[in-house]
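Structure, as structure tokens:
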Amino acid sequence: MSGTQQMTTLEILPNEILLHCFEYLNAFHIFHSFNQLNHRFNCLICDTPLYINLEGDINKSVFDRFCIKMMLNPQIKDQVHSLKLPSPQSNNAASLQATTFLSFFSLAELQNLQRFQTTAYEIPIPMDTTSSHFREQDILDVCIESFPKLRALSMQRLLRRPRDQLNPNLSITKLRVYICNMDDIYDFLKCVPMLKYLHINDFYFSNDSSNEKTKESWLYLERLILDQANCCSFDRCKAFVKLTPNLKSLTISSDTKDLIDAAEWERLITISLPHLDVFQFMFLCFYLNDEQEMIMSKFREFHTDFWQKRHNWFTEYSVIDDEALIYTIPFAPNMDVLEQHREIYRHNFKDNLNTFVNVRKLMIDEEMLRNKCEVYFPNVISLELHMNLESLSIEQTERLVKIVNPFHVKFLDISHVYNMNSSLLLKLFDQMSQLSGLSVERSVLAEFLNDGELCKYLRKVQRLHLMEFGWWITEDDLFPRNKFYEVFSNIKHLRLEHGRGIGLLSSLSRLPKLSTFEAQWVTRKSPELYRSQMASKVEQLNAIHKISIETDEDSDDDSSDTDSDHDWYRYYGEKRKKYYYTVEICIWLGNNMS
């Protein structure tokens with residue numbers, strides 16, 4: 001082996017590999033990193049199908065340069081094959097990115113779009129090419145009118161449409177809907193006969209059995225995912241699934257006791273789903289005291305040869321208080337883990353390392369540590385802790401890393417940890433080498449800044465959520481301190497929950513890499529005061545901002561009006577009626593990039 005080490009660079013990779021890598025990158029980052037690098041990369045970018053993700057982490061300066069580039073080179077629009085569009089109506093950084101993008105470009109300009117994902121219910125469409133007035137258009141209408149090559153669609157809801165408005169020639173093969181009912185999906189599936197993939201987060205079965213007698217089948221559907229099946233008797237579920245004779249993968253979650261029937265499922269799969277290879281489920285039910293043995297018996301029926309030997313479908317189950325839970329392993333993605341189900345029953349299946357391999361987000365409380373929880377979560381990236389460390393022994397706190405693999409954790413929420421132990425936190429930070437996000441109570445963070453060892457780890461934080469609980473907004477010296485800006489010089493995203501953000505606006509320039517700033521709090525002051533204060537401060541920044549103010553009222557027999565900023569309420573005439581405002585602000589900054 002040569003004593004000289006050779007450095008591997010991207011440029012030695014063949015074009016085919018580079019193009020494949022570009023498919024995973026946001027278009028904004030591709031142009032920022034590789035455009036004008038050299039002639040070869042310029043040519044590669046021109047041949048790359050572009051993915052625009054407006055929910056992603058996008059620096060405003062990078063965003064602006066890309067939009068200018070696309071306006072000057074309209075052919076770039078033809079390269080956009082995939083678009084992720086958050087709701088412009090929300091009050092967060094993603095909504096600001098979406099609103100700004102739609103102010104530059106019409107969706108109708110993206111004629112080659114093949115994949116469209118949005119959380120918006122409606123899209124603001126300009127009334128004409130010169131007007132600043134907008135009309136709201138239904139998502140499905142936008143897709144039908146603007147995207148002739150669309151193959152994959154993800155939308156918030158699917159509403160039943162008049163039959164004369166149904167388009168029988170949609171070429172969609174992959175559909176995800178966050179909420180819909182059985183009648184809506186029956187009608188829509190007639191318009192997408194080539195559909196292969198259907199994923200519904202919140203699905204409501206209909207009480208009307210008329211549709212269940214339809215003879216139309218969805219012959220091309222191969223994968224069906226129902227994250228939450230509501231109002232679901234086994235007969236309705238059977239009638240729906242029988243229309244998918246070529247189904248290869250089925251995932252379903254429900255809290256209906258009627259679905260916990262291994263014999264019925266075996267009969268349905270054998271007769272109507274001969275091609276089914278993957279079956280994942282999670283069934284939760286509530287029961288009376290005298291029903292526990294009956295429920296346990298039903299669970300054990302999923303341990304026969306049909307399930308374990310013929311199909312290799314294994315299950316685990318748990319019974320606690322008046323709840324019973326059974327699920328296939330490994331635990332399916334998109335299903336919520338019920339933390340209270342800690343005592344797990346296994347049947348002839350000793351390897352539990354892969355049971356929760358698909359779980360990415362997890363909450364752990366002190367009971368899981370105190371009760372020697374035996375489950376293991378190897379791939380969690382977002383971890384939330386709820387516990388009082390004073391009530392736990394050192395041995396119990398050390399069980400935390402036996403439950404979750406700390407290496408993959410990127411975001412840690414300790415805002416609900418009381419009596420925080422700095423030595424434990426140092427151990428966690430040391431093992432969480434990929435940690436870049438932190439949620440913590442504001443007063444606790446102020447104490448952290450006095451610990452030099454902790455500050456070494458805090459310098460890696462790029463996303464910071466500061467929480468404040470209780471009725472009073474505390475006045476601490478966190479933001480006036482130079483130490484805060486020194487430690488968090490790499491921060492990109494800052495959010496204050498229940499903490500006023502007006503006073504911090506003039507100091508945002510001291511955070512050189514900050515991209516988004518969000519704050520939410522409750523106050524008695526006039527909302528117009530905040531609008532004017534924020535407008536004057538934002539003028540000094542290269543920023544886009546949005547402010548949302550909601551008015552609410554409460555009553556209190558004995559309280560009196562005060563001028564204190566700590567008082568959330570404001571009297572309006574009647575003695576017992578108090579008005580207060582919930583203020584949310586969001587700023588998207590164009591900071592300097594190195």
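If you read the sequence from its start, that first residue is 1, and numbering goes on from there. Please read these numbers as outputs of a predicted model, since none were measured by experiment.
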> For Glu550, does the CD atom have more than 12 heavy-atom neighbours from other residues, nucleotides or ligands under 6.0 Å away?
Replying inline: no

> Are there more than 12 heavy atoms of other residues, nucleotides or ligands under 6.0 Å from atom NZ of Lys410?
Replying inline: no

>> Filter on ring-ring contact (aromatic ring centres under 6.0 Å, His included), then keep only pairs touching residues 77-98, sequence neighbours left out; what's left?
In response: none

Of all heavy-atom pairs between [X] and [Y], which one has the smallest distance, and what is that distance?
{"X": "Gln97", "Y": "Gly56", "answer": "NE2-O, 3.5 Å"}
{"X": "Lys361", "Y": "Val359", "answer": "O-CG1, 3.5 Å"}
{"X": "Lys546", "Y": "Pro88", "answer": "NZ-O, 2.9 Å"}
{"X": "Ser95", "Y": "Ser87", "answer": "CB-O, 3.2 Å"}
{"X": "Val80", "Y": "Met70", "answer": "CG2-SD, 4.4 Å"}
{"X": "Asn42", "Y": "Phe34", "answer": "OD1-O, 4.1 Å"}

> After noting the C-alpha distance and the side-chain angles of Asp430 and Tyr457, does the key distance pass the side chain to side chain contact (heavy atoms under 4.5 Å, CB included) rule?
Replying inline: CA-CA 8 Å; Asp430 187 54; Tyr457 291 98; 3.1 Å; yes

Taking [X] for its side chain and [Y] for its backbone only, find out whether a donor-acceptor pair lies under 3.5 Å.
{"X": "Asn421", "Y": "Leu389", "result": "no"}
{"X": "Gln79", "Y": "Leu50", "result": "no"}
{"X": "Asn358", "Y": "Phe331", "result": "yes"}
{"X": "Thr118", "Y": "Leu85", "result": "yes"}
{"X": "Asp64", "Y": "Cys67", "result": "no"}
{"X": "Arg481", "Y": "Ala446", "result": "yes"}
{"X": "Thr355", "Y": "Ile329", "result": "no"}
{"X": "Asn419", "Y": "Asn388", "result": "no"}

side-chain contact (heavy atoms from CB on, under 4.5 Å) with [X]: which residues, sequence neighbours excluded?
{"X": "Lys69", "result": "Phe31, Asn35, Gln36, Asn73, Ile76"}
{"X": "Ser489", "result": "none"}
{"X": "Asp202", "result": "Ile179, Tyr204, Gln228, Asn230"}

Would you indicate whether the side-chain heavy atoms of [Y] and [X] approach each other to under 4.5 Å?
{"X": "Ile403", "Y": "Phe377", "value": "yes"}
{"X": "Glu518", "Y": "Asn92", "value": "yes"}
{"X": "Asp451", "Y": "Leu425", "value": "no"}
{"X": "Ile585", "Y": "Phe517", "value": "yes"}
{"X": "Leu589", "Y": "Lys60", "value": "no"}
{"X": "Thr100", "Y": "Trp588", "value": "yes"}
{"X": "Val409", "Y": "Leu428", "value": "no"}
{"X": "Asp227", "Y": "Ser253", "value": "no"}

> Parallel, tilted or perpendicular: which fits the ring planes of Phe101 and Phe105, with parallel below 30° and perpendicular above 60°?
Replying inline: tilted

> Would you call the rings of His386 and His416 parallel, tilted or perpendicular if under 30° counts as parallel and over 60° as perpendicular?
Replying inline: parallel

Can you measure from [atom1] ([X]) to [atom2] ([Y]) and round to the nearest 0.5 angstrom?
{"X": "Tyr178", "Y": "Arg157", "atom1": "OH", "atom2": "CZ", "answer": "15.0 Å"}
{"X": "Arg115", "Y": "Gln117", "atom1": "CZ", "atom2": "CD", "answer": "10.5 Å"}
{"X": "Gln434", "Y": "Phe407", "atom1": "CD", "atom2": "CZ", "answer": "4.5 Å"}
{"X": "Glu384", "Y": "Phe411", "atom1": "CD", "atom2": "CZ", "answer": "9.0 Å"}
{"X": "Ser436", "Y": "Leu412", "atom1": "OG", "atom2": "CG", "answer": "11.0 Å"}
{"X": "Ile544", "Y": "Cys586", "atom1": "CD1", "atom2": "SG", "answer": "10.0 Å"}

>> Before you tell me yes or no, could you show the steps for Glu497 and Ser415 under side chain to side chain contact (heavy atoms under 4.5 Å, CB included), namely the whole-Å CA-CA distance, both residues' side-chain angles and the distance that decides it to 0.1 Å?
In response: CA-CA 11 Å; Glu497 289 278 357; Ser415 59; over 6 Å; no

List, one per line, each side-chain donor-acceptor pair under 3.5 Å for residues 12-29, sequence neighbours excluded.
| unit_1 | atom_1 | unit_2 | atom_2 | d |
| --- | --- | --- | --- | --- |
| Asn15 | OD1 | Arg40 | NE | 2.9 |
| Asn15 | OD1 | Arg40 | NH2 | 2.8 |
| Asn26 | OD1 | Asn53 | N | 2.9 |
| Asn26 | ND2 | Asn53 | O | 2.9 |
| His29 | NE2 | Asp57 | O | 3.1 |

> Are a donor atom and an acceptor atom from the side chains of Ser393 and Glu395 found within less than 3.5 Å of each other?
Replying inline: no

> Could you walk me through whether Leu514 and Ile491 pass the side chain to side chain contact (heavy atoms under 4.5 Å, CB included) check?
Replying inline: CA-CA 6 Å; Leu514 190 67; Ile491 194 171; 4.2 Å; yes

>> Assess the residue pair Lys492 and Arg463 against the criterion (side chain to side chain contact (heavy atoms under 4.5 Å, CB included)); give the C-alpha distance rounded to whole Å, side-chain angles, the decisive distance to 0.1 Å, and a yes or no.
In response: CA-CA 6 Å; Lys492 294 182 179 180; Arg463 184 180 298 272; over 6 Å; no

> Among all residues two or more places apart in sequence or in another chain, which pass the ring pair (Phe, Tyr, Trp, His ring centres under 6.0 Å) test with Phe484?
Replying inline: Phe479, Phe488

>> Here's a test for you: under side chain to side chain donor-acceptor pair (under 3.5 Å), which of Lys513, Gln462, Arg459, Lys460 qualifies with Asn490?
In response: Lys513

